Amino acid sequence: PIIVAINKMDLPGADPERVTSELAARDVVPDNWGGDTQFVPISALTGMGIDALLEAILLQAELLELKAVPQAPARGVVIESRLDRGRGPVVTILVQNGTLRKGDIVIAGEFYGRARAMINDKGEQVDAVPPSMSAELLGLNGTPAAGDDFGVVTDERTARELADFRRDRSTEKRYALQQAARLDNLFANVGEGERR
């Protein structure tokens, strides 16, 4: 299910109808046009429409009976990551299911590590991050890409093996793309030589 938040509605030139019609052309039809997608105009700067967006999310979750299991090992997605000079890799995560606890061994993309510290959205250190919460995670050995999945594993050996496997697979994929690009260039040059 999709809920579309049309942002920047505080600007004088805001045109929500244009956004709506462009998305409708891509089969994202708003519910007031007979579709099944909720469109909510908002302004992140002024806070306009944020309450309506939260209500739309709650309604959608209630209708679909979306629930998370807090007692399970945590899994979720990486929102962003950066390398901080004083703290090392800082990974912002969103827990989608389970609870992430301090000391858990986490694998995110090609990187792994022990959750040394977790900082919530208020800047406070926490010992556990429940489902649907975000936090900054410290303790990984690198910075995974935004959108990478993360999960908790049982031991560090498993995490290291899985990270190595993912790294090897990523390297093979990059190598295959480079080889394909070289072949494309080679055939393009051969084609040009024949035309001359």
Side-chain angles (χ1 to χ4, degrees), residues 1-5 7 23 26-28 36-38 40 44 53-54 56-85 87-178 180:
I2 299 173
I3 298 172
V4 176
N7 196 12
L23 285 172
R26 297 186 181 265
D27 297 326
V28 181
D36 57 356
T37 304
Q38 294 183 62
V40 182
L53 178 62
L54 292 174
I57 293 169
L58 287 173
L59 176 66
Q60 193 77 274
E62 194 172 308
L63 288 174
L64 297 173
E65 296 180 7
L66 300 177
K67 299 196 184 318
V69 180
Q71 294 80 16
R75 66 176 180 76
V77 67
V78 173
I79 298 172
E80 67 178 359
S81 64
R82 67 183 188 282
L83 194 56
D84 189 283
R85 188 178 297 248
R87 301 186 297 172
V90 178
V91 182
T92 304
I93 53 154
L94 174 65
V95 177
Q96 295 173 322
N97 197 28
T99 301
L100 181 62
R101 291 180 172 74
K102 189 173 178 179
D104 284 350
I105 299 169
V106 178
I107 180 158
E110 302 174 10
F111 303 100
Y112 70 96
R114 189 173 298 273
R116 285 188 293 124
M118 296 174 295
I119 302 159
N120 67 10
D121 58 337
K122 296 176 182 83
E124 305 164 337
Q125 282 210 13
V126 292
D127 291 333
V129 182
S132 79
M133 295 288 294
S134 64
E136 287 186 340
L137 171 67
L138 305 177
L140 294 186
N141 65 347
T143 55
D148 281 353
D149 291 330
F150 83 87
V152 171
V153 293
T154 54
D155 56 52
E156 200 163 328
R157 181 175 171 224
T158 304
R160 184 174 32 256
E161 289 172 357
L162 188 54
D164 289 343
F165 173 76
R166 289 178 178 178
R167 195 172 298 114
D168 292 344
R169 192 174 65 188
S170 176
T171 303
E172 288 172 8
K173 202 179 286 186
R174 274 194 302 269
Y175 181 72
L177 288 173
Q178 287 173 351

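This structure is a prediction, so every number in the text was calculated from the model and none was measured.
Scored by the side-chain hydrogen bond (donor to acceptor under 3.5 Å, both in side chains) test, Asp155 finds Thr158 as partners (sequence neighbours excluded). Ala68 pairs by the side chain to side chain contact (heavy atoms under 4.5 Å, CB included) definition with Asn97, Pro131, not counting sequence neighbours. Residues passing the side-chain hydrogen bond (donor to acceptor under 3.5 Å, both in side chains) test with Gln38, sequence neighbours excluded: none. Checked against side chain to side chain contact (heavy atoms under 4.5 Å, CB included), Leu64 has the following partners two or more places apart in sequence or in another chain: Pro1, Gln60, Leu66. Among residues two or more places apart in sequence or in another chain, the side chain to side chain contact (heavy atoms under 4.5 Å, CB included) test is passed with Ile2 by Val4, Thr37. Under the side chain to side chain contact (heavy atoms under 4.5 Å, CB included) criterion, Ser132 pairs with no residue, sequence neighbours left out.
Contacts classified as side-chain hydrogen bond (donor to acceptor under 3.5 Å, both in side chains) and involving residues 103-119 (residues at least two apart or in different chains) are given here: Glu110-Ser170. Judged as a salt bridge (charged side-chain N to carboxylate O under 4.0 Å, His left out), not a single pair has a partner in residues 58-68 (not counting sequence neighbours). For residues 131-148, the set of pairs meeting the salt bridge (charged side-chain N to carboxylate O under 4.0 Å, His left out) definition, not counting sequence neighbours, comprises Arg82-Glu136, Arg87-Glu136. Listed by first and then second residue, the salt bridge (charged side-chain N to carboxylate O under 4.0 Å, His left out) pairs that reach into residues 90-103 come to none, sequence neighbours excluded. Applying the salt bridge (charged side-chain N to carboxylate O under 4.0 Å, His left out) test to pairs two or more places apart or on separate chains, those with a residue in residues 159-169 are Arg157-Glu161, Asp164-Arg167.
Judged by distance alone, with hydrogens and angles left aside, the side-chain atoms of Ser81 form a donor-acceptor pair with the main-chain N or O of Pro144 at under 3.5 Å. Between the side chain of Thr99 and the backbone N or O of Pro70, at least one donor-acceptor pair lies under 3.5 Å.
The shortest side-chain heavy-atom distance between Val95 and Phe150 falls under the 4.5 Å cut-off. Using a 4.5 Å heavy-atom cutoff, the side chains of Leu138 and Val90 are in contact.
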Distance-only check: which donor-acceptor pairs under 3.5 Å involve side-chain atoms of residues 118-125, not counting sequence neighbours?
unit_1, atom_1, unit_2, atom_2, d
Asn120, OD1, Lys122, N, 3.0
Asn120, OD1, Gly123, N, 3.2
Asn120, OD1, Glu124, N, 2.9
Asn120, ND2, Glu124, OE1, 3.1

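Minimum interatomic distance between Ile107 and Ala163 (heavy atoms only, all atoms of both residues): CD1-N, 3.5 Å. Taking both residues in full, the closest heavy atoms of Ala44 and Asn7 are given as N-OD1, 3.0 Å, listed atom of the first, atom of the second, then distance. When every heavy atom of Leu137 is checked against every heavy atom of Ala115, the shortest pair comes out as CD1-CB, 3.5 Å. The shortest heavy-atom contact between Ala56 and Val40 is CB-CG2, 4.1 Å. Taking every heavy atom of both residues into account, Gly142 and Val91 meet most closely at O-CG2, 4.3 Å.
Taking CG from Leu54 and CD1 from Ile3, the interatomic distance works out to 9.5 Å, rounded to the nearest 0.5 Å. Separating the CG atom in Leu58 from the CG atom in Leu53 is a distance of 9.5 Å, to the nearest 0.5 Å.
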